[in-house]
Structures are given as structure tokens and as C-alpha cells.
Amino acid sequence: MPLSIATWNINSVRLRIGLVEQFLKLHSPDILCLQETKCPNDQFPSKPLKALGYEYIVMHGQKGYHGVATISRLPLTELVERRDYCGVGDARHVSVVFRHGGKSIRLHNFYVPAGGDEPDRTINPKFGHKLDFIEEMKLLHADAEAGISSILVGDLNIAPLEHDVWSHKQLLKIVSHTPVEVDGLMEVMTRGAWVDLMRRKIPADQKLYTWWSYRAQDWAKADRGRRLDHIWSSADLDPHLSEITVLREARGWERPSDHVPVMATFDL
DNA sequence: ATGGTTGGACGCCAA
């Protein structure tokens with residue numbers, strides 16, 4: 001049985017609900033995880049999503065900032081969690097559990113803090129917050145619950161590998177690719193026994209980006225991207241991964257997000 | 001070396 005899971009930092013779900021509908025019509029993932037919805041729960045545009053068959057919507061929103069939502073055409077169980085990483089009240093995580101092909105799967109949807117511009121926590125509290133958030137993520141294990149497989153997706157705001165950025169050397173002091181962040185994220189992955197599914201299909205020596213800045217004159221021509229969005233899983237799902245799709249073309253859609261959708265397809 | 005753009009809420013912060 002095929003299963004497809006997509007993740008997309010939408011940068012305002014109300015502004016870009018049309019693009020979400022377009023993506024769902026074109027690629028029809030079973031579940032889509034959105035980040036940076038910037039939308040209170042009571043203003044979430046559920047109606048057009050339900051009309052497309054996505055009847056199960058779990059939100060963790062707040063006014064103006066952050067916000068995540070998981071929208072599904074597969075039934076979701078009652079086992080929903082919204083964790084307050086760093087205890088600051090930000091809406092940056094939601095997880096759901098669903099059943100598919102005889103497996104129970106917990107799906108974590110994360111929006112990790114961007115961390116500001118200065119990669120020094122003594123002068124930039126936002127960078128400190130990001131490091132603390134990553135530290136707390138190290139406690140999250142892919143095998144945390146007996147009998148439940150795990151998938152972790154989202155905008156992790158870190159590009160860990162050399163070819164996850166357009167220039168490793170030029171980005172070493174740029175927040176998202178500094179060694180302290182990269183080491184932290186790799187530690188989250190190894191301690192939690194997570195598998196980086198995107199790099200299981202696209203070798204680490206190939207450039208791979210999911211985000212291109214709004215500030216470039218011609219994003220496609222410059223192609224100065226970063227892989228900030230990720231799909232991880234517990235080891236048991238790895239052999240069932242059939243396909244990874246990074247929808248680069250979505251960066252060229254009308255009034256786009258600066259992130260593009262990433263989709264994993266499994267055969268379970 | 002610098003500045004470039006976008007969104008939300010309301011002059012400016014976050015990304």
C-alpha cells in the first residue's frame with residue numbers, strides 16, 4: 001500500500017491557500033504538514049482542504065507568528081501532541097498518529113526557530129533559543145513508543161551537509177549552516193536513531209535545496225539555495241521508502257513561499 | 001562587503 005507524506009513551509013496559509021490547493025490537486029499526498037501558517041486556529045482555512053478530501057486537520061497555530069498544521073485524508077487517532085519546546089509558548093510542533101498498511105505511525109511536524117542573523121548566543125538570544133530547541137529535540141527518539149513507527153518532517157532551519165547549501169565555505173558563519181547547529185542536528189538524528197530519508201534517495205554529493213531566498217533577483221539563475229526542510233523516519237520505514245520528490249518548480253509559482261514542498265512516498 | 005524581499009500587524013520585527 002502506497003503512503004505519501006509531504007512537508008511545506010507555506011509562509012502564511014491564508015495568503016497561499018490557493019497554492020496549497022494547487023499542490024494537493026497535482027500531487028495528492030495522503031498527509032501534508034504545513035509550517036509557518038501564521039494563523040490562529042479559529043481562522044484556519046479548513047473548508048477548501050476538506051472539499052479536496054482532507055477531512056482530518058490538526059492545528060497548532062498562533063497569531064502572527066510560527067504555527068504548524070497537519071492535514072490528512074487518512075483518519076488520525078486521538079493521540080495528538082502539541083509540545084511546547086523551550087517552554088516559551090510558541091506553536092512550533094504538532095504530532096499525530098495514524099494507521100496504514102498494518103502499521104501505526106507517529107508523524108511529528110516541526111518548525112524550528114530560524115535563529116536570527118548573528119550566530120552567537122551571547123549577543124543574539126534568538127540563536128540561543130534555536131540551540132536550546134535543538135538540544136531538547138535530542139530527547140526525541142524514533143522508537144519512543146512500542147509498536148509505533150515514526151516520521152519527523154518540517155522546516156528544521158538547518159542545512160547539515162556540505163551539499164545542502166550552495167557554498168559550504170561561504171555559509172560556515174551563516175545561521176543555518178554553522179558547525180554548532182549542524183553538529184546539534186546530527187546529534188538529534190543519531191541519538192534519536194532517525195534516518196535522513198531525502199539523502200537515502202539523493203546522494204550526499206549532489207546539491208539539494210528546498211529553500212531559496214526572496215532577496216535574490218533571479219532565484220533560479222543564482223540557485224543559491226539551502227536544504228532547510230527535512231523528512232526523517234525510524235529505521236523500520238527506511239526499506240519501504242520508494243520515492244522522494246522536491247517540488248522545485250513550486251518556487252516559481254505565482255506569489256510563492258520561499259520554501260518548496262518535499263514529499264516522501266512509501267510502499268507499506 | 002553589502003543589500004537585497006516578504007508577511008503580519010500597524011511602524012517594525014521576524015524570516
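So you know, we letter chains A, B, ... as the sequences are listed, proteins then strands, and number each from 1.
- Checked against B:dA15, B:dA14, B:dT6, the side chain of A:Tyr65 finds its nearest nucleotide in B:dA14.
- Residue A:Tyr214 is the one, among A:Tyr214 and A:His259, whose nearest nucleotide of DNA chain B lies closer to the 5' end (criterion: closest heavy atom).
- Contact annotation: A:Arg215 does not reach the phosphate of B:dT2 (side-chain N/O to OP1 or OP2, under 4.0 Å).
- Taking atom P on both B:dA15 and B:dT2, the two are 23 Å apart, rounded to the nearest angstrom.
- Atom NZ of A:Lys38 is separated from atom C1' of B:dG7 by 4 Å (rounded to the nearest Å).
- With both ends at atom C1', the span from B:dC10 to B:dT6 equals 16 Å, rounded to whole Å.
- A straight line from CH2 of A:Trp253 to P of B:dT6 spans 18 Å, rounded to a whole angstrom.
- Within the 4.0 Å cut-off from OP1 or OP2 of B:dT6, not a single side-chain nitrogen or oxygen of A:Arg16 is found.
- No continuous path of ILVMFWY side-chain contacts below 4.5 Å connects A:Val165 to A:Met186, so the two sit in separate hydrophobic clusters.
- Comparing B:dA1 with B:dA14, their P atoms are spaced 27 Å from each other, to the whole Å.
- Counting to the nearest Å, the C1' atom of B:dG4 and the CH2 atom of A:Trp219 are 17 Å from each other.
- Between the side chains of A:Glu181 and A:Ser176, no donor N or O sits under 3.5 Å from an acceptor N or O.
- Side-chain nitrogen and oxygen atoms of A:Lys63 include none within less than 4.0 Å of the OP1 or OP2 phosphate oxygen of B:dG8.
- A:Gln217 comes within contact range of no nucleotide atom at all, as no heavy-atom separation falls under 4.0 Å.
- Side chains of A:Ser149 and A:Asp236: a donor-acceptor N/O pair is present below 3.5 angstrom, by distance only.
- Between A:Asn9 atom CG and B:dT5 atom P there is a gap of 20 Å when expressed in whole angstrom units.
- Hydrophobic cluster membership differs between A:Trp232 and A:Val262, with clusters built from Ile, Leu, Val, Met, Phe, Trp and Tyr side chains linked at under 4.5 angstrom.
- Between A:Arg224 atom CZ and B:dT5 atom P the separation is 15 Å, expressed in whole Å.
- In this structure, the CH2 atom of A:Trp211 is 17 Å from the P atom of B:dA14, given to the nearest Å.
- Between the side chains of A:His66 and A:Arg92, at least one donor N or O lies within less than 3.5 Å of an accepting N or O.
- Taking atom CD of residue A:Glu36 and atom P of nucleotide B:dT6, one finds them 15 Å apart after rounding to whole Å.
- Spacing between atom CZ of A:Arg255 and atom C1' of B:dT5 amounts to 12 Å, rounded to whole angstrom units.
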